[in-house]
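Computed from a prediction, not measured in an experiment: that's the story for all the values here. A note on names: the letters A, B, ... follow the listed sequences, proteins ahead of strands, and every chain is numbered from 1.
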2 protein chains.
Amino acid sequence: MKLTRRQQQIYDYLAQNAEHFEHPPTLDELCRALGLRSRGSLHKHIQALVEAGLVEPMDRSHRGIRLVPQGPDEPGIPLLGTIAAGRPIEAVPQAETMQVPEVLLGKGACYVLKVSGDSMIDEGILDGDYVVIEQRDSARNGEIVVALIGNEEVTLKRIEQHPGQVILHPANAAMEPMRYSPDEVRIQGVLKGLLRRY
Amino acid sequence: MKLTRRQQQIYDYLAQNAEHFEHPPTLDELCRALGLRSRGSLHKHIQALVEAGLVEPMDRSHRGIRLVPQGPDEPGIPLLGTIAAGRPIEAVPQAETMQVPEVLLGKGACYVLKVSGDSMIDEGILDGDYVVIEQRDSARNGEIVVALIGNEEVTLKRIEQHPGQVILHPANAAMEPMRYSPDEVRIQGVLKGLLRRY
DNA sequence: TCTGTTGTTCTCCATCGGTTCTCTTTAGGG
DNA sequence: CCCTAAAGAGAACCGATGGAGAACAACAGA
């Protein structure tokens with residue numbers, strides 16, 4: 001998710017020189033351009049960039065390294081970071097954006113988070129999925145929300161609100177519903193869409 | 001549909017010299033111009049360009065190779081219909097398209113299907129989800145594929161191919177893996193991405 | 001009808017480039 | 001100073017790519 005220094009360098013180099021290449025560079029070509037001697041090493045970095053959604057996955061095709069077109073007309077939704085049950089949102093340093101179909105957007109302001117962990121697996125939300133969140137401070141019972149618990153943890157759960165009690169339901173047989181008093185839980189957004197890459 | 005290096009070169013050459021040709025060039029003429037010695041090889045590339053919609057299909061006519069005038073590229077990929085385990089794809093009448101993020105696309109031609117049924121629920125593919133499929137006729141073991149079984153049913157399953165036997169694994173505890181002989185199963189595409197709306 | 005041109009479909013094959021290892025080196029943080 | 005994560009070297013693997021060439025079918029013109 002978060003790029004290492006070298007990965008950032010390599011991405012910058014690609015973004016910088018994208019125009020100058022006749023064809024998308026191969027690993028070997030890029031190696032030479034960067035002064036590396038091992039394809040395997042570079043491959044590791046490129047893999048990381050693919051993971052981050054910055055480079056097109058080259059699925060054993062011999063077609064070179066291509067950047068994913070970073071929204072020319074800027075309809076992208078900001079990718080704010082990673083959400084893991086039980087930990088604050090881990091922000092992504094640079095302002096990364098992601099192209100998202102309009103049908104997945106809500107009416108209000110939206111952003112994207114990458115899911116980490118299996119706490120919603122029974123709802124079909126897997127580790128590594130991207131979720132589209134509409135920024136809101138209230139939700140209807142049964143909606144899946146991004147909730148800030150006690151000003152510390154942020155988590156993605158199905159919400160059930162009663163007078164005097166809020167229950168957050170994980171969707172994982174191994175986990176128990178969690179009960180809080182309403183003032184411990186602040187809703188930050190509700191789930192509007194989901195994207196997954198295979 | 002993304003081009004290989006050579007395909008791009010050939011297309012560029014055609015686009016470049018379109019005006020300079022008296023008549024649309026024949027395969028032989030293009031071969032000479034490009035320094036190729038085999039018509040068959042060039043034909044393969046031209047076919048790819050036809051697939052990509054860049055060159056007019058020359059259906060056994062002897063009219064030479066003509067480019068398709070390129071309008072502004074229409075975004076979005078076609079939504080072909082609904083896929084349900086055990087029934088043919090139910091086509092959507094009018095040509096509907098859907099905007100899909102670049103990162104979810106493969107390198108080949110892609111289309112979208114709406115999932116109906118719970119047969120892949122344990123993989124996090126739910127009823128009503130949209131799946132992005134890359135059109136292909138082969139797959140690696142472990143990939144999730146759209147498979148045509150016995151020219152009748154179409155289904156979305158994880159595939160495991162052995163010499164003499166093909167196993168399609170549903171991801172639903174209530175269903176059993178299905179075994180077929182290789183000639184009963186035709187792969188139509190592989191799963192590249194998933195979209196869900198809440 | 002014959003003949004040469006043009007498109008189509010094969011098979012075969014070399015090479016290149018992506019992938020996957022293992023092992024080593026370097027850098028940075030406690 | 002030590003430990004771990006990041007980065008690089010290099011070898012082995014194997015499948016995608018692109019080319020050669022032969023055989024064939026469709027068609028046009030003589």
Can you tell me the distance, in whole Å, between the NE2 atom of A:H23 and the P atom of D:dT17? 15 Å
Result for side-chain hydrogen bond (donor to acceptor under 3.5 Å, both in side chains) between B:R158 and one of B:E123, B:H169, B:E143 points to B:E123
Members sharing A:I159's hydrophobic cluster, built from side-chain contacts under 4.5 Å between Ile, Leu, Val, Met, Phe, Trp and Tyr, are A:V145, A:I149, A:V166, A:L168, A:M178, A:Y180, A:V185, A:I187, A:V190
According to a strict under-4.0 Å criterion, is B:T4 in side-chain N/O contact with OP1 or OP2 of D:dG18? yes
Within residues 8-18 of chain B, which residues have any heavy atom lying less than 4.0 Å from an atom of DNA chain D? none
Would you give the length of the straight line joining atom CG of A:L34 to atom CD of A:E29, rounded to the nearest 0.5 angstrom? 11.5 Å
Any donor-acceptor pair under 3.5 Å between the side chain of B:S41 and the base of D:dA20? yes
Can you tell which of A:Q16, A:Q8, A:Q9 makes a side-chain hydrogen bond (donor to acceptor under 3.5 Å, both in side chains) with A:D12? A:Q8
Base of D:dG10 paired with side chain of A:S38 (donor-acceptor, under 3.5 Å): yes
d(B:D129 CG, B:S116 OG) to nearest 0.5 Å is 11.5 Å
Give a yes/no on whether any side-chain N or O of B:R60 is located under 4.0 angstrom from OP1 or OP2 of D:dA25. no
When you measure from the side chain of B:N141 to the backbone of B:Q161, do you find a donor-acceptor pair of N or O atoms at a distance under 3.5 Å? yes
B:K44 or B:P25, whichever maps to the more 5' nucleotide of DNA chain C: B:P25
Is A:H45 close enough to D:dG8 that one of its side-chain N or O atoms is under 4.0 Å from OP1 or OP2 there? yes
Do the non-hydrogen side-chain atoms of B:R63 and B:M58 ever get within less than 4.5 Å of each other? no
For A:E29 and for A:G40, locate the closest nucleotide of DNA chain C by heavy-atom distance; then report the residue assigned to the nucleotide nearer the 5' terminus. A:E29
Tell me which of A:L42 and B:H62 sits closer to the 5' end of DNA chain D, going by the nucleotide each one is nearest to. A:L42
What is the distance, rounded to the nearest whole Å, between atom CG of A:L49 and atom P of C:dT19? 13 Å
Value in whole Å for how far the P atom of D:dA23 lies from NE2 of B:H43: 19 Å
Is B:K114 atom NZ crowded by more than 12 heavy atoms from other residues, nucleotides or ligands, each under 6.0 Å away? no
Rounded to whole Å, how long is the line connecting atom CD of B:E51 with atom P of D:dT17? 13 Å
NA contact type, B:L36, heavy-atom cut-off 4.0 Å: base, sugar-phosphate, or nothing? sugar-phosphate
Between A:R5 and C:dG28, does any side-chain N or O lie under 4.0 Å from OP1 or OP2? yes
For B:R63 and D:dA28, give me the distance from atom CZ to atom C1', rounded to whole Å. 14 Å
For C:dT19, take OP1 and OP2 only and decide whether either is under 4.0 Å from a side-chain N or O of A:R39. no
To the nearest angstrom, the CE-C1' distance between B:M58 and C:dT8 comes to 9 Å
In terms of side-chain heavy atoms of B:D28, which of D:dA20, C:dT19, C:dT6 is nearest? C:dT6
Look at the side-chain N and O atoms of B:R37 and state whether any lies under 4.0 Å from the OP1 or OP2 oxygen of D:dA20. yes
Send over the distance from A:L34 CG to D:dA7 P, rounded to a whole Å. 13 Å
Tell me the interatomic distance from A:R6, atom CZ, to D:dG8, atom C1', rounded to whole angstroms. 9 Å
